[in-house]
Amino acid sequence: MRYERLLSLVVALLAWHVAARVAASPLLPTPADVAVCLWQELTVGPMLHHLGATLRRVLISFPLALLSGGLLGGSMGRNPKLDRWLDPWLQLLLGVPAMVVAILCYVWLGLGETAAILAVSLSKMPSMAVIFRQGARAHDRGLDEMARLFRFSFCNRLRHLYLPELAPFLLSAMRSGLSLVWKIILLVEMLGRSDGIGFQLSVYFQMFDIRHLLAYSVSFMVVLMLIEATLLRWMDSHVARWQV
Amino acid sequence: MSLAGKSERLRLCLTGKSWPGSPPLLGRLEFALGEGEVVALCGPSGCGKSTLLSIAAGLDQEFSGSLHLAAGLRLSMVFQTPRLLPWRSIAENVALGLGGLDKDSLRQAEQALEALGLGGQGHLLPGHLSLGMARRVALARAMAARPDLLLLDEAFVSLDEACVLQALRVVAAEIAGRGLSVLMVSHDGLDLERLSARRLQLVGRPAVLA
């Protein structure tokens, strides 16, 4: 399995290398060129600083989106009346482009960190709410009755009933959320920040420097893959533990 | 209040119960349950026996009438389906019914499981159990809480003869020893005989006591 993954990566890199050699253009550097650039930016360049800035925004905006989407979706899933009231707005918010949200946040709140984080959280929140609403709808009311009858404390309900039941939905929200949030963050950084991977991408785009552009993109993709391979895999195995 | 010399644990005076958009399910009926008494609700499928148990458990409060439970009454129930938390081991399921996963609760849970022939299997997850085993875990959870009133909703279905006898022995011992009261739904006349249950026959639609 791992061998096949590695092989597929090697084949893709090889294809890229051959294409770059054939093109022989600065617009399509070879993987080795990008790797060297990545290493230089990482060791002597400002990549770590920008990577840190973007990662910080992910670490703040993503839990915010998760929490607000979870609360909204959970409440809508448990309360049909609230669901009927808010569903049209949720559908509307799902269709609002992230760029519009980012522009409005920057216009209303100024070109600051708060606006950037709020824009990312607001853009991602509706899709999180949809996943959590689905989770709340799937809630087993029989287990709820059992918990009431055996007088489970609020903490026990939360820890032993609601959270494990929502875990597969939380995992799904995290997986889809992480892959989207960083794309939104890059957009927000391009539009109105002076640091972060998105800012660097906009700088190198203006210079048509594809080598740096790819190096910065790869750096953040690697970070996300590490999160996937560690945190999300661990959560996956934990959630799947009881599924027979 | 007393019932044939024994303290009354439950009195249900129902004037009606219906589900939204459906004709009335239960009509006017009244019964009481005393200490150490076993009452069985009998009747055809769908006549409202499980609904009556839910009302008696306080889980269904949308009915006309009144429910009186003795002050400080400890109530437990075995549902028609086991209703175990699939992500917790069976010992943890029983312990959570006692209030938490502390050492003391887990020890009591193991004892309750052992009494029902599930000793040494507390680490298993509900998904690994047969329906019969899961039902015994649900009974262990209900019994571990040392209830004053036990509600059994077809609790012995899918158990083999030996397991039914074992489960009945555990319940009967609590009835004789502590005066446990039992309100049960069962289609098996043998179970009712073994527990010397007083039968309440539900008839008609809306169902009333015969």
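The sequence lines fix the lettering, A, B, ..., with proteins before strands; numbering per chain opens at 1.
The two residues B:Leu85 and A:His160 have their closest heavy-atom pair at CD1-O, 3.6 Å. Taking every heavy atom of both residues into account, B:Ser76 and A:Leu149 meet most closely at C-CD2, 3.8 Å. For the pair A:Phe150 and B:Met77, the tightest heavy-atom approach, listed with the atom from each and the gap, is CZ-O, 3.7 Å. Taking every heavy atom of both residues into account, B:Trp87 and A:Leu161 meet most closely at CZ2-O, 3.5 Å.
For CZ of A:Arg151, the number of neighbouring non-hydrogen atoms (other residues, nucleotides, ligands) closer than 6.0 Å is 12 at most. Under a cut-off of 6.0 angstrom, the local environment of CZ in B:Arg205 is crowded, with over 12 non-hydrogen atoms contributed by other residues, nucleotides or ligands. Atom CZ of B:Arg28 is surrounded by 12 or fewer heavy atoms from other residues, nucleotides or ligands within 6.0 Å. Within a 6.0 Å radius of CE in A:Met235, other residues, nucleotides and ligands contribute more than 12 heavy atoms.
Most heavy-atom pairs under 4.5 Å with chain A, from the set B:Arg141, B:Arg74, B:Glu92: that is B:Arg141. Among A:Gly142, A:Ala147, A:Ser153, the residue making the largest number of heavy-atom pairs under 4.5 Å with chain B is A:Gly142.
Within the 4.5 angstrom heavy-atom criterion, only side-chain atoms of B:Leu101, from C-beta onward, approach chain A.
Checked by atom type and distance alone, the side chain of A:Asn156 pairs as donor or acceptor with a backbone atom of B:Gly99 at under 3.5 Å. The backbone N or O of A:Met146 lies less than 3.5 Å from no partner atom in the side chain of B:Arg83, so there is not a single donor-acceptor pair.
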